[in-house]
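Contents: one structure, followed by commentary.
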Amino acid sequence: ARAHSADIILEKDEPFAAGDESVVTYGGYLFTDRVAAQNAEKYSACYENTAENNTYLDVMINYENTGESSIRADMACVMTVNDGTRDYPCFSAAETDGGKNIEFASGQTIEPGAAVLIHFIFDVPKELERSEGAISAKAIIDNVGYVINIRE
């Protein structure tokens with residue numbers, strides 16, 4: 001990661017220590033109408049966007065708890081996405097059962113020494129996926145600001 005205007009740029013698949021409490025890896029993003037766990041089985045939970053004019057932007061962060069106490073998955077990172085005109089809020093979901101299931105992050109705890117894939121799911125207009133404009137995410141992890149350049 002490199003410093004840029006007081007924020008650190010997160011590069012895909014490059015782990016970094018976020019303070020003394022975690023190691024974080026930005027795992028990428030995708031536009032999708034359905035967010036499911038990586039190893040989801042046929043009847044696993046998922047999140048589906050059924051709005052005709054919207055889709056999901058799924059930004060994935062792998063969070064490894066290197067601290068000495070557990071942390072709720074929804075407190076590991078706070079994220080917003082901006083397309084140059086507005087910020088989009090999100091909800092987060094964490095993969096459980098070895099990546100076979102996905103559940104709201106607020107109900108999940110990351111124990112010391114454990115890692116979890118967290119999905120930050122933004123409900124965005126479908127034209128955002130088709131546009132060529134810049135999209136960036138702002139993440140706050142362990143009280144430090146980070147930027148993910150989703151599309152430059």
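For the numbers below, each heavy atom of this structure counts, side chains included, while hydrogens, waters and symmetry mates do not.
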Determine whether L30 and M60 make a side-chain contact, defined as any pair of heavy atoms from C-beta on separated by less than 4.5 Å. yes

Quick one: closest heavy-atom pair of I121 and C90, and the distance? O-CB, 3.2 Å

Is there a donor-acceptor contact under 3.5 Å linking the side chains of D13 and T25? no

So which heavy atom on G27 is nearest to which on K12, and how close? O-CE, 3.5 Å

V23 reachable from Y26 in the ILVMFWY side-chain graph, under 4.5 Å edges: no

Side-chain (N53) to main-chain (K126) donor-acceptor, under 3.5 angstrom: no

Using modelled atom types and a 3.5 Å cut-off, is there a donor and acceptor pairing between side-chain atoms of E95 and backbone atoms of Q38? yes

From E129 atom CD to T32 atom OG1, the distance as rounded to the nearest 0.5 Å: 8.5 Å

Does V24 reach the side chain of P15, with side-chain heavy atoms less than 4.5 Å apart? no

Has T66 got a side-chain atom pairing as donor or acceptor with E21's backbone, closer than 3.5 angstrom? yes

For P112 versus G67, what's the shortest heavy-atom pair and its separation? CB-O, 3.4 Å

Under a single-linkage definition using a 4.5 Å side-chain heavy-atom cutoff for Ile, Leu, Val, Met, Phe, Trp and Tyr, are V124 and Y56 assigned to the same hydrophobic cluster? no

Do S136 and R151 have side-chain atoms, one donor and one acceptor, less than 3.5 Å apart? no

D33 and N49: side chain donor to acceptor below 3.5 Å: no

Can you tell if the side chain of I135 reaches within under 4.5 Å of the side chain of L128, non-hydrogen atoms only? yes

CD1 of I140 to OG1 of T80: how many Å apart, nearest 0.5 Å? 8.0 Å

Output the distance between atom OH (Y146) and atom NZ (K138), rounded to the nearest 0.5 Å. 11.0 Å

Smallest heavy-atom separation, A94 atom then Q108 atom, equals CB-CG, 4.0 Å

Are F31 and V59 co-members of a hydrophobic cluster defined by side-chain heavy atoms under 4.5 Å apart? yes

Are the side chains of I148 and V81 in contact, using a 4.5 Å heavy-atom criterion? no

Are L117 and Y29 connected in a single hydrophobic cluster, I mean Ile/Leu/Val/Met/Phe/Trp/Tyr linked by side-chain heavy atoms less than 4.5 Å apart? no

Distance-minimising heavy-atom pair for G98 and N39: O-ND2, 3.1 Å

Any side-chain donor paired with an acceptor under 3.5 Å for Y88 and D83? yes

From CG (D58) to CZ (F122), nearest 0.5 Å: 9.5 Å

Y47-F104 aromatic ring centre distance below 6.0 Å: yes

In Å, rounded to the nearest 0.5 Å, how long is the span from CE of M79 to CZ of F91? 13.5 Å

To the nearest 0.5 Å, what is the distance between CG on N65 and CD1 on I71? 6.5 Å

I118 to Y63 - nearest heavy-atom pair and separation: CD1-CB, 4.0 Å

Tell me whether I102 shares a hydrophobic cluster with L57, the cluster being built from Ile, Leu, Val, Met, Phe, Trp, Tyr side chains joined at under 4.5 Å. no

